[in-house]
Amino acid sequence: MSDAALVPAGASGPQRSPAVYRGPQLPQNAMPSPIEKAAIILMAIGPEMGGSVLKDLAEPDLIRFARTLTGLGKVAQDVLDAVIVEFLEILTSGPDLAGGDAAARKLLSSVLDDDEVNRLLGENKGKPRGVWDRLSDTPLAPLATFIAAEHPQTATVIVSELRSDVAAALLERLERPFAQAIVVRLSRVPTLDAAITAAMQLAIDRDFLSALQRNLSKRRPADLIAGLMNNISSEARDGFLGFLESQEPALAQDVLRTMFTFEDVATRVNARDISTILRGVPEEILLQALKLGQAQESATVGFILGNVPRRLAERYVEDVANMTDVSRKDGEAAQIEITKVIQAMVRRGEIKFIDKDL
């Protein structure tokens, strides 16, 4: 990656003269392989967006990604910064954000080799996946909404065709009486005539899956960029946002509105949810995040300490005071871990964000 990282190739003229951002620099031998970069990007953007990328891959490609993800382990923050900034450089290079085969090929080539790009773009694809497989890979929130609108008997037939883990998670999201009615009926799911089964699959594909895919395809660039910005260090994030503001002010504002960082905890999380959130955060991670936040005079530190039991807050204050200084790298990694816990809880519907005002 060049020293002029994030400056679009071919950008010229007085109207496009952003400050040069020197992105994270790593030796070439320290950079991950193309498929590892792809796996890192998918982890960073989260299961909802990442799942929409993976769901149409042929089985051999899914196996390769699964093996790569399993072997990654914990990705160092400087490596994460470098991979994401390289990806964002490709994503935002050029005067416009545009789709199409050429744009997709250029974007994917930054993290995948040619064979993988060809597979993702439809060449050498495996057999098309069935309705039930696709339904099992659907995000739980829209799937639950769809099922809840069906007659209990129809819902039971659909649930019986889902993967067991998906069916269990789905039942937890449904209203208890409706979920109980499905469970009771599961013991006597009828064997459907082939024509009826085909008609049901066609209706699900037409009325739900196709509509859902159209909605997912309308995902804004800001969603993707913000998902990545949530996972990089403040130095890399600030540099990129400054660049984006100079190039695409409206998009930069949209990204800022969509992002969720440690600083946003104080304004976008309900005070009553803090104790619940912290139960999912290892104490060592919390203390590192608070230590750096204290040095940065972050409002989130006071917000967290002000919304836990008094004795616990006093112990946190004492433990933080007795800690040696935390490096910015370790502290920010801890802060990112906390935001990931919060975002996961929001996705599961356990808590809700407060809307961000800009």
Side-chain angles (χ1 to χ4, degrees), residues 42-56 62 65-66 69-70 129-190 192 197 200-201 203-205 207-213 215-216 219 223 227 230 260 265 268-282 285 307 337-355:
L42 290 175
M43 286 196 304
I45 62 178
E48 186 176 349
M49 281 189 283
S52 67
V53 174
L54 291 175
K55 67 183 179 62
D56 289 324
L62 284 171
F65 267 106
L69 284 165
T70 302
R129 304 170 68 210
V131 166
W132 303 124
D133 285 342
R134 291 161 56 207
L135 203 61
S136 289
D137 291 333
T138 299
L140 279 176
L143 181 57
T145 301
F146 169 66
I147 295 294
E150 296 295 324
H151 184 278
Q153 186 59 40
T154 304
T156 302
V157 172
I158 295 172
V159 169
S160 71
E161 296 288 350
L162 298 174
R163 290 199 315 266
S164 58
D165 59 320
V166 176
L170 176 64
L171 289 171
E172 290 182 359
R173 279 181 169 258
L174 297 172
E175 293 290 335
R176 185 173 295 274
F178 191 72
Q180 289 173 337
I182 291 175
V183 171
V184 169
R185 291 168 184 259
L186 280 171
S187 63
R188 52 179 188 272
V189 176
L192 299 180
T197 300
M200 178 179 286
Q201 291 177 328
I204 292 171
D205 194 12
D207 299 335
F208 176 64
L209 289 172
S210 296
L212 178 66
Q213 186 59 43
N215 290 335
L216 289 176
R219 191 177 298 281
D223 292 323
N230 291 339
F260 179 72
V265 173
R268 298 200 61 199
V269 173
N270 285 293
R272 65 177 180 272
D273 293 327
I274 288 296
S275 293
T276 302
I277 290 167
L278 294 187
R279 285 198 288 271
V281 178
I285 296 295
N307 288 289
E337 285 300 312
I338 292 174
T339 63
K340 286 181 178 178
V341 169
I342 295 171
Q343 289 171 307
M345 294 179 70
V346 171
R347 285 195 299 269
R348 294 193 297 266
E350 297 170 7
I351 63 174
K352 292 183 178 181
F353 278 139
I354 299 169
D355 289 338

Verdict with supporting geometry, Ile277 and Val265, side-chain contact (heavy atoms from CB on, under 4.5 Å): CA-CA 11 Å; Ile277 290 167; Val265 173; over 6 Å; no

Pairing residues for Thr154 by the side-chain contact (heavy atoms from CB on, under 4.5 Å) criterion, not counting sequence neighbours: Glu150, His151, Ile158, Met200

Close side-chain approach of Val341 to Ile285, heavy-atom, < 4.5 Å: no

With Glu350 via side chain to side chain donor-acceptor pair (under 3.5 Å) - residues at least two apart: Arg348

Gap separating the OG1 atom of Thr276 from the CD1 atom of Ile342, nearest 0.5 angstrom: 11.5 Å

Distance in Å, Thr339 OG1 paired with Asn230 CG, rounded so as to fall on 0.5 Å steps: 6.0 Å

Trace of the side-chain contact (heavy atoms from CB on, under 4.5 Å) decision for Phe146 with Leu170: CA-CA 11 Å; Phe146 169 66; Leu170 176 64; over 6 Å; no

Minimum-distance pair of heavy atoms, taken over all atoms of Arg173 and Gly349: NH2-N, 4.2 Å

side-chain contact (heavy atoms from CB on, under 4.5 Å) partners of Ala271, counting only residues at least two apart: Phe303, Asn307

Can you give each donor-acceptor pair under 3.5 Å made by side-chain atoms of residues 175-184, sequence neighbours left out, with the distance rounded to 0.1 Å?
none

